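Source: prediction; values computed, not measured. We count ligands from 1, going down the list as the structure has it; atoms in each ligand are counted the same way.
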Amino acid sequence: MSAPAPPPAPQFVAGLKRLVGACRSALISSHLPLDGDAVGSELGLQRVLRALHPGKRIEVLNEGPVPEVFRFLPGADEARVLAKDDRPDADLLITVDCGNLDRFGALLERLPRSVPIVNIDHHGSNPGYGSLHWIDAGAPAVGEMILRLARALGAPLDAGAALPLYVALVTDTGRFSYSNTDPRCHEAAAELLRTGIDPALVSRHVFRSKPFPLLRLEAEVALRVRFERGGTLAWSKVLLEDYAKHGLDEHEAQDLVDIPRSVRGVEVAALFREVEGGKAKVSLRSETDFDVARFAVAKGGGGHPRAAGFTAKGRVEDVERQVIAELARAVEGA
Ligand code: 5GP
Ligand code: MN
């Protein structure tokens with residue numbers, strides 16, 4: 001039997017009420033790249049807090065734009081992008097779906113150190129930063145936590161809040177297909193759908209609106225897949241020049257690790273993504289009990305047991321060779 005998801009701790013709810021009640025101007029943010037859970041949780045939380053505090057300045061601000069596929073969400077156009085030399089006038093920061101504060105670049109430097117941070121997250125590797133935190137590693141998505149938070153705060157749940165929260169849930173569970181898909185996840189989905197939102201519209205925008213050049217890039221990534229350990233370890237890579245060649249913005253190309261991951265027999269998949277500054281971003285996925293978050297944390301990253309990542313210094317080919325050798329050994333020893 002699976003118990004219903006517990007509400008957030010009363011101390012957290014009271015602390016959040018106090019901080020939001022006392023603040024003049026609150027920012028809700030997440031780090032790049034912005035995925036569906038990040039954007040959906042931000043917009044859903046904004047809607048919930050605005051309903052409780054009409055007239056108070058509660059803004060979504062990120063270091064980059066909301067990806068095209070999520071722009072259909074109400075409020076997405078209003079989300080601010082941190083401009084160069086922008087010093088946001090805010091006295092509260094709420095982070096959602098951010099396992100680690102190190103992943104924020106400029107925003108934290110632009111805010112006074114005295115600004116309290118509220119940390120709402122579902123990464124087990126989250127160290128519990130901030131003045132107040134609620135971390136639930138059992139939550140399928142932060143969007144599902146925001147739904148429980150809305151209930152605890154006594155906020156009305158309308159379609160405007162439900163739509164982004166549903167996007168958070170559907171993207172972070174791989175359309176209800178990953179191991180984080182449990183009864184409470186479907187219970188949350190049911191509650192969100194009861195507000196009258198249209199799941200087919202969500203799928204159309206989020207999963208069936210790829211720019212054609214992205215399909216070409218995906219084809220190239222598929223052709224580059226390589227295997228080790230009898231086909232149980234698979235990986236591929238994306239280079240900076242690929243985006244230029246296909247006329248794509250790199251933020252449009254998310255979830256490419258699903259390509260090696262979706263091959264029959266694959267247990268651990270990796271994607272190596274060349275990034276600016278002579279670095280490579282490594283995405284890891286596991287289809288077994290092999291804990292990729294543990295591997296990623298040891299490399300300075302983090303994530304969930306079956307989906308994690310980190311950034312490594314070095315040429316992408318070198319990072320690839322070294323990480324695959326280490327992964328093969330780690331899987332062997334597990
Ligand atoms: P992705 O591979 O899709 O970028 O990330 C998979 C999961 O691992 C996400 O939950 C993401 O937040 C986490 N993750 C990815 N890269 C990093 C990283 O460099 N540091 C931390 N702490 N978490 C990461
Ligand atoms: Mn998430």
Side-chain angles (χ1 to χ4, degrees), residues 28-45 62-64 67 70 95-105 119-129 134-147 164-176 178-181 185 188 206 221 235-238 250-261 268-275 277 279-287 291-313 319 323 327:
I28 302 173
S29 191
S30 194
H31 58 62
L32 303 188
L34 292 167
D35 66 13
D37 191 23
V39 172
S41 298
E42 289 179 339
L43 295 174
L45 179 62
N62 294 299
E63 292 178 20
F70 306 125
T95 65
V96 290
D97 203 29
C98 288
N100 199 320
L101 263 197
D102 303 349
R103 299 189 71 195
F104 273 102
N119 165 5
I120 306 178
D121 187 32
H122 70 139
H123 293 91
S125 56
N126 190 309
Y129 62 82
W134 177 32
I135 297 154
D136 182 354
V142 174
E144 186 269 341
M145 296 172 68
I146 303 295
L147 173 63
L165 296 181
Y166 185 80
V167 165
L169 200 54
V170 82
T171 54
D172 250 31
T173 59
R175 309 182 215 184
F176 306 110
Y178 300 153
S179 60
N180 57 356
T181 306
C185 167
V206 179
V221 169
W235 71 98
S236 187
K237 65 184 159 205
V238 195
E250 65 182 284
H251 298 304
E252 288 175 296
Q254 290 194 28
D255 300 326
L256 294 172
V257 68
D258 285 346
I259 295 171
R261 177 195 207 170
V268 176
L271 185 88
F272 298 87
R273 188 190 277 268
E274 184 183 14
V275 291
K279 290 188 274 188
K281 167 94 181 60
V282 185
S283 286
L284 301 172
R285 299 292 184 269
S286 170
E287 294 291 336
D291 186 340
V292 285
R294 249 179 81 187
F295 187 91
V297 166
K299 301 272 175 206
H304 309 282
R306 291 172 181 233
F310 63 95
T311 298
K313 279 213 173 78
V319 172
V323 169
L327 258 181

What are the atoms of ligand 1, with element, lying closer than 4.0 Å to any heavy atom of [X]?
{"X": "Ser283", "result": "1 (P), 2 (O), 4 (O)"}
{"X": "Asn100", "result": "22 (N)"}
{"X": "Gly303", "result": "8 (O), 13 (C), 23 (N)"}
{"X": "His123", "result": "9 (C), 10 (O), 11 (C), 12 (O)"}

Worksheet entry | Geometry at the Mn ion (ligand 2) - His122 NE2 versus Asp172 OD2 angle, rounded to 10 degrees |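 Roughly 90°, rounded to 10°.
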Looking only at protein heavy atoms, identify the closest one to [atom] and say how far it is in Å.
{"atom": "atom 8 (O) of ligand 1", "answer": "Ala308 CA, 3.2 Å"}
{"atom": "atom 17 (C) of ligand 1", "answer": "Gly309 O, 3.1 Å"}
{"atom": "atom 24 (C) of ligand 1", "answer": "Arg103 NH1, 3.1 Å"}
{"atom": "atom 21 (C) of ligand 1", "answer": "Gly302 N, 3.1 Å"}
{"atom": "atom 19 (O) of ligand 1", "answer": "Phe310 CA, 3.4 Å"}

Discussion item. One residue to check: Gln254. Relative to ligand 1, which of side chain, backbone, both or neither has a non-hydrogen atom less than 4.0 Å away?
Written reply: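 Under 4.0 Å from ligand 1, Gln254 contributes no heavy atoms.
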Fill in: Arg285, Arg306, His304: member with heavy atom nearest to atom 5 (O) of ligand 1
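Nearest heavy atom to atom 5 (O) of ligand 1 lies in Arg285.
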With rounding to the nearest 0.5 angstrom, report the [atom1] to [atom2] distance, [X] to [Y].
{"X": "Ser125", "Y": "Ile135", "atom1": "OG", "atom2": "CD1", "answer": "9.0 Å"}
{"X": "Leu169", "Y": "Leu147", "atom1": "CG", "atom2": "CG", "answer": "8.5 Å"}
{"X": "Ile259", "Y": "Trp235", "atom1": "CD1", "atom2": "CH2", "answer": "16.0 Å"}

Discussion item. Restricting to N, O or S, what is the name of the atom of Asp37 that lies nearest the Mn ion (ligand 2)?
Written reply: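 Result for Asp37 and the Mn ion (ligand 2): OD2.
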Discussion item. In this structure, does ligand 1 have an atom that sits under 4.0 Å from one of the heavy atoms of Ala307?
Written reply: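 So Ala307 counts as touching ligand 1.
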Worksheet item: Based purely on interatomic distance, does Lys281 place a nitrogen or oxygen under 3.5 Å from a nitrogen or oxygen of ligand 1?
Response: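 Yes.
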Practice prompt. On the 0 to 90° scale, with breaks at 30° and 60°, tag the Phe310-Phe295 ring pair as parallel, tilted or perpendicular.
Written response: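 It falls in the tilted class, 30° to 60°.
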Discussion item. When you measure from the Mn ion (ligand 2) to the N, O or S atoms of Asp97, does any of those distances fall below 2.8 Å?
Written reply: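 Within the cut-off used here (under 2.8 Å), Asp97 does place an N, O or S atom near the Mn ion (ligand 2).
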Worksheet entry | Asp121 near the Mn ion (ligand 2) via N/O/S, less than 2.8 Å |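 No N, O or S atom of Asp121 is closer than 2.8 Å to the Mn ion (ligand 2), so no.
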Worksheet item: Taking all atoms of both residues into account, what is the closest heavy-atom pair of Ser236 and Val221, and its distance?
Response: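 Closest heavy-atom pair between Ser236 and Val221: OG-O, 2.8 Å.
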Worksheet item: What are the two closest heavy atoms between Tyr129 and Cys98, and how far apart are they?
Response: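 Heavy atoms only, the tightest pair is OH-O, 2.7 Å.
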Worksheet item: With no hydrogens and no angle check, do the side chains of Asn180 and His122 hold a donor and an acceptor under 3.5 Å apart?
Response: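 Looking only at side-chain atoms, His122 and Asn180 do not form any donor-acceptor pair under 3.5 Å.
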Fill in: Val319 vs Lys313, side-chain contact (heavy atoms from CB on, under 4.5 Å): CA-CA, chis, key distance, verdict
CA-CA 8 Å; Val319 172; Lys313 279 213 173 78; over 6 Å; no
Fill in: Sidechain-backbone polar pair: Asp35 side chain, Ala38 backbone, donor-acceptor under 3.5 Å
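It does hold such a pair.
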Worksheet item: Do the side chain of Asn62 and the main chain of Gly64 share a donor and acceptor less than 3.5 angstrom apart?
Response: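 Here the side-chain-to-backbone pair does not exist.
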Fill in: Residues Lys237, Glu274: salt bridge by 4.0 Å N-O rule
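Here Lys237 does not pair with Glu274 in a salt bridge, since their nearest N and O are not under 4.0 Å apart.
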